A.B. asks: 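Provided herewith is a single structure, encoded as structure tokens, for subsequent inquiry.
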Amino acid sequence: MPIRVYNTMTRKKEELVPRELGKISMYVCGPTVYNYIHIGNARTFLNFDMIRRYLLYRGYEVEFIQNVTDVDDKIINKANEEGVSPEVLADTYREAFELDMADLGVMPPTMAPQATEHIDDMLEVISCLVDKGYAYESEGDVYFEVEKFADYGKLSGRNLDEQQHTLASGPEDRKRGPWDFALWKAAKPGEPSWSSPWGPGRPGWHIECSTMSTKYLGESFDIHGGGLDLVFPHHENELAQAEACTGKPFVRYWIHSGMLNIDMEKMSKSLGNIRPLREVLIENDAQVIRMLMLGTHYRSPLNFSDDSLADAGASLERVTNCAFNLEDALSRAAVGGDGKKTERELELSKKLEGLKDEFVGHMDDDFNSAAALGVLFDVVRETNTYVGEVTSGGEPRLKVSLLECKEVLDDMFGALGLFQTAWGTTSVPGEEPARAADGGPSRDQLVDLLLEVRQAARDMKSFELADRIRDSLTELGVRVEDVPGGYRWRVER
RNA sequence: GGCGGCGUAGCCAAGUGGUAAGGCAGAGGUCUGCAAAACCUCCAUCGUCGGUUCAAUUCCGACCGCCGCCUCCA
């Protein structure tokens, strides 16, 4: 079964057929590094990380390029405010961005080209456009002449004559048409600049993406992504530049991530409701944020609030509980006698197999992570039921069937990017690494010792003492649960 | 004004021309010394009004409400 993706250009779901068999070339617009990113940015990057990981899961080789815009009005202004050079400012926030992404468990791009390191490449494209008559120089600026590009508007479905053209504060008089946009901006005093055939200046915003995406991925690469708000004008302009210059289709599939609102309102400076990712991460595990994002289809609007965050946390806990309890059961399960599955185990295998197919079916359908999560929770239920049977003794159960549950769960986590580190390794709860000791007793040993004492107290019906031990451990963040014939514990995250 | 999207249970959120996944919360039950976790059961006719159809929440139309974009924007 093929993967189907919604293509913004055609406004339809289409079968994903890569340019090259088994290989996906993908470009996602990255940050302008003038500030810490906010939770809305994070949504977009998490969505594309999910998409990338799913493509990997489905066996594609994925080349993932994400640019860093490190020269721009916003950067220059912010640098002036802070009294540092634009270069230093951009470097600072680029590094912060990389840390944020790592915290979120977003895989680093295959390559993260920076605009300032590709000025020459951009100048080449601009020259190409000037030579072909699509661009013109005007007082040291160079503009793309929208009227010359017949297909202009095909991505965003706009007819420019019918658009409200709010006059920008820019140099309107230097442009031939109101929709013409800058490829090159003449330098003003004190601004970073590079020399060009049209005098010193710096590139416009859109040109870097056309240039760098094509440079690294070639013509007509597979997927171009970004936030929905970039469709117009950013992507429309990128497309115009690239296709005007090369004469070939720029991109095969345009994918756009839906916007995130805060408490039902658009996040904006004027409303003062911007939520920096870093702040959110102080009180919330990255996995909670990912869970929240996965719960809504990537193209739908998503409302972000403390309530929605709490909600996501609660459902994530159901998953982590399952993982912990599964791990615990695994540690106490019998190897499994003659290794032959009983009717029960055969039924379980069959069910898991079916759920896995369902899961893939949902993800194949335009990366429907919300529906896929539904299936994940079905697996959680099956696992919990089986783990319950194992834990409560009765007939001996097969370890291999527990491992089967684990395999399916881990598989789905990987496909969704849940519990994955930025570097492609997993950190699924339950698989606690051995706690290091300094030669003395380890934490585990001490906790187990306490719990053995508690168990003895319970056996003697000294419930007051038993509860005291449990309560004290709870206060210390150690969660104790009794199971038939024993106990299990874990450290709360 | 142009383009686009949305309106599904208390909340979040999938989805389908044939009587609606999943999560959270809630109610009841099982298990437990208690608790926790878990399991079981219960909890919606899908904004309104028309139309097409044997059958619509799902298709079409109108209307109401909400939202995004229209060169800052993930």
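Since the structure is predicted, the reported quantities are computational estimates derived from the model, not experimental observations. Within every chain, numbering begins at 1; the chains are lettered A, B, ... in the order of the sequence lines, protein sequences first and strands thereafter.
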A.B. asks: May I have the distance from Asp366(A) (atom CG) to G15(B) (atom C1'), rounded to whole angstrom?
C.D. replies: 14 Å
A.B. asks: Sort by first number and list every stem of RNA chain B: at least 3 consecutive Watson-Crick or G-U wobble pairs, both distances under 3.5 Å.
C.D. replies: B:1-7 with B:64-70, B:10-12 with B:22-24, B:26-30 with B:38-42, B:47-51 with B:59-63
A.B. asks: Give, ordered by number, those residues of residues 299-311 of chain A having at least one heavy-atom distance below 4.0 Å to an atom of RNA chain B; if nothing qualifies, reply none.
C.D. replies: Ser300(A), Asp311(A)
A.B. asks: Rounded off to whole Å, could you give me the CG-to-C1' distance for the Asp263(A) and C67(B) pair?
C.D. replies: 15 Å
A.B. asks: If we ignore hydrogens and angles and just use 3.5 Å, is the side chain of Arg290(A) paired with the main-chain N or O of Gly105(A) as donor and acceptor?
C.D. replies: yes
A.B. asks: Using whole Å, what does the distance between atom P of nucleotide C69(B) and atom CH2 of Trp254(A) come to?
C.D. replies: 19 Å
A.B. asks: Using a 4.0 Å heavy-atom cut-off, does Ala314(A) contact any base of the nucleic acid, only the sugar-phosphate backbone, or nothing at all?
C.D. replies: sugar-phosphate
A.B. asks: Looking at G68(B), C69(B), G23(B), which one has an atom nearest to any side-chain atom of Met259(A)?
C.D. replies: G68(B)
A.B. asks: Atom CD1 of Ile262(A) to atom C1' of A74(B): distance rounded to whole Å?
C.D. replies: 13 Å
A.B. asks: What integer distance in Å separates Arg158(A):CZ from G5(B):C1'?
C.D. replies: 13 Å
A.B. asks: With the stacking rule set at 5.5 Å and 30°, tell me whether Phe377(A) counts as stacking on G22(B).
C.D. replies: no
A.B. asks: If I compare all heavy atoms of Leu355(A) with all of Glu382(A), which pair ends up nearest, and what's the gap?
C.D. replies: CD1-CG, 4.1 Å
A.B. asks: Show the distances under 3.5 angstrom between N or O atoms of the protein and N or O atoms of nucleotides 37-40 of chain B.
C.D. replies:
residue, atom, partner, partner atom, Å
A37(B), O4', Glu481(A), OE2, 3.3
A37(B), O3', Asn321(A), ND2, 3.3
A37(B), O2', Asn325(A), ND2, 2.7
A38(B), O3', Asn384(A), ND2, 3.2
C39(B), OP1, Arg318(A), NH2, 3.3
C39(B), OP1, Asn384(A), ND2, 3.2
C39(B), OP2, Arg318(A), NH1, 3.2
C40(B), OP2, Arg381(A), NE, 3.3

A.B. asks: Checking contacts here: which listed nucleotide (G22(B), C73(B), A14(B)) is nearest the side-chain heavy atoms of Asp378(A)?
C.D. replies: G22(B)
